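Remarks on the structure that follows.
Numbered from 1 within each chain, the chains take letters A, B, ... in sequence-line order. If you're wondering where the values come from, they're calculated on a predicted model, not measured in any experiment. Computation of the quantities below employed the complete heavy-atom set of this structure, encompassing side-chain atoms and omitting hydrogens, waters and symmetry-equivalent molecules.
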Amino acid sequence: MSVEDDQSPEGMTRRQLMRHTAWFGAAVVLTVAGGEVISQVTGPGEAPAALANDPNALRFIQISDSHLGFKGTANTAVEQSFTEAIDQINALPYRADFVVHTGDLTHLSTPAQFDQVKQMMSGLNTGHVFTVPGEHDSVDDHGQKYRAAFGKGTAGDGWYSFDMHGVHFIALVNTLGLESLGHLGTEQLAFVQKDVAKLSSDTPIVVFSHIPLFALYPKWGWGTNDATQALSYLKRFSSVTCLNGHIHQLFTKTEGNVTFHSATTTAYPLPHPGEAPAPTPVTLPAGKLKDALGIREVQYLEGTDRLAIKDVKLA
Amino acid sequence: MSMSPAPAAGAPVATTSVAIKGFAFGPQSIKVKVGATVTWTNDDQDPHTVTSQNGSGPLKSKTLQNGDKFQYTFTKAGTFNYLCTIHPFMTGTVVVTA
Ligand SMILES: [Cu+2]
Ligand SMILES: [Fe+2]
Ligand SMILES: [Fe+2]
């Protein structure tokens, strides 16, 4: 497999914005069952494996909810699990354009936990590492330590956007509102509105956030109370994909032009919505934990209508 | 979309101590007089915080480990909503009357 050149994001931005490739939002979603990758085809397209050989493909990895510093029976070695996730990414037959961690990098926002997660992610063999914060990354300081570690080049409380291979990426912070639900706030909503104003409507949009941008299960705080406003700015785009973490399990849903994909965790599972009194860590029977943990491969072939998402268990 | 979490169940209980147990504040809703000092005790193995909601309130504990206590003396009447920043689904209310 070829390894792509490590270009600056700025260089990519200008070059690829010119292309305005079409993207009609078709998706191939692969989930894992019983150790096998099972495809759930929700639109026309080849299997992602075929895209892996294409030099024009954009390939990135989503990881989430590493919770470094977590101590509990649900996973007595979260650092080991995160190491395995990183090793699994580095062992892929291609070098991902970037890896995005969608929050809860740490469990308790301590300086030592931020140092550790930053150090561990520096071992990723990839072009770039992007992050958004989870509520566990701002338990006592409105995200100051998070931004000191990961906020370089971001605006406001840590949000930003970038372009790659003709795709426009928006990374949002919805964990600082000190509310039960996720919250973006007026300043960030204005950022989103302005950020996409000049984009052609056929530009594929991918949005990262920690807490889901749809009302997945508000009783447990699994939703963002002003996400509707943010998504209204994205209505004219033919394809919008929202990738989040926080719920520690896979979940996919399509609403109009927007597809939401919740990623799983590298740390410990949470119950399915409503199947427990509260969303507290689930201790699985011995040997079952890795089935609940994983990484997500995302591929997009420029000039096609295909976004492929493949969720893979920790090996 | 309707995004309000479930309101606190039941009428406020007259007490100045709140236990943090099983990922919940108990009682979830309490009532005290102005000048009262409320004590929260973390009885869970997991850490929690006691933090005013929406960033506009007086409660801001450090991360409470098992057995840690947090105290606050309410000097004004009003309704004070708080949550745990580590587990924001954990919410509680203190109603302070003159
Ligand atoms: Cu808590
Ligand atoms: Fe998490
Ligand atoms: Fe979270």
If you tally heavy-atom pairs under 4.5 Å against chain B, which of [options] wins?
options: P281(A), G177(A), G72(A), P279(A); result: P279(A)
options: H107(A), H183(A), E135(A); result: E135(A)
options: V139(A), D137(A), L176(A); result: V139(A)

Grab the two heavy atoms, one from L83(B) and one from S180(A), that are nearest each other, plus how far apart they are. CD2-N, 3.8 Å

Are any of the side-chain heavy atoms of W220(A) and P88(B) separated by less than 4.5 Å? no

Could you check whether any side-chain heavy atom of F89(B) comes within less than 4.5 Å of a side-chain heavy atom of T280(A), counting everything from C-beta outward? yes

Sequence neighbours excluded, which residues qualify as salt bridge (Lys or Arg N to Asp or Glu O under 4.0 Å) partners of K69(B)? none

What part of I86(B) lies closer than 4.5 angstrom to a heavy atom of chain A: side chain, backbone, both or neither? both

Chain A heavy atoms under 4.5 Å from S52(B): which part of the residue, side chain, backbone, both or neither? backbone

Under 3.5 Å donor-acceptor pairs involving side-chain atoms of residues 58-65 of chain B, not counting sequence neighbours:
residue, atom, partner, partner atom, Å
K60(B), NZ, D140(A), O, 3.0
S61(B), OG, V50(B), N, 2.9
K62(B), NZ, D68(B), OD2, 3.3

Interface residue of largest heavy-atom contact number with chain A, from N81(B), T85(B), T51(B), under 4.5 Å: T85(B)

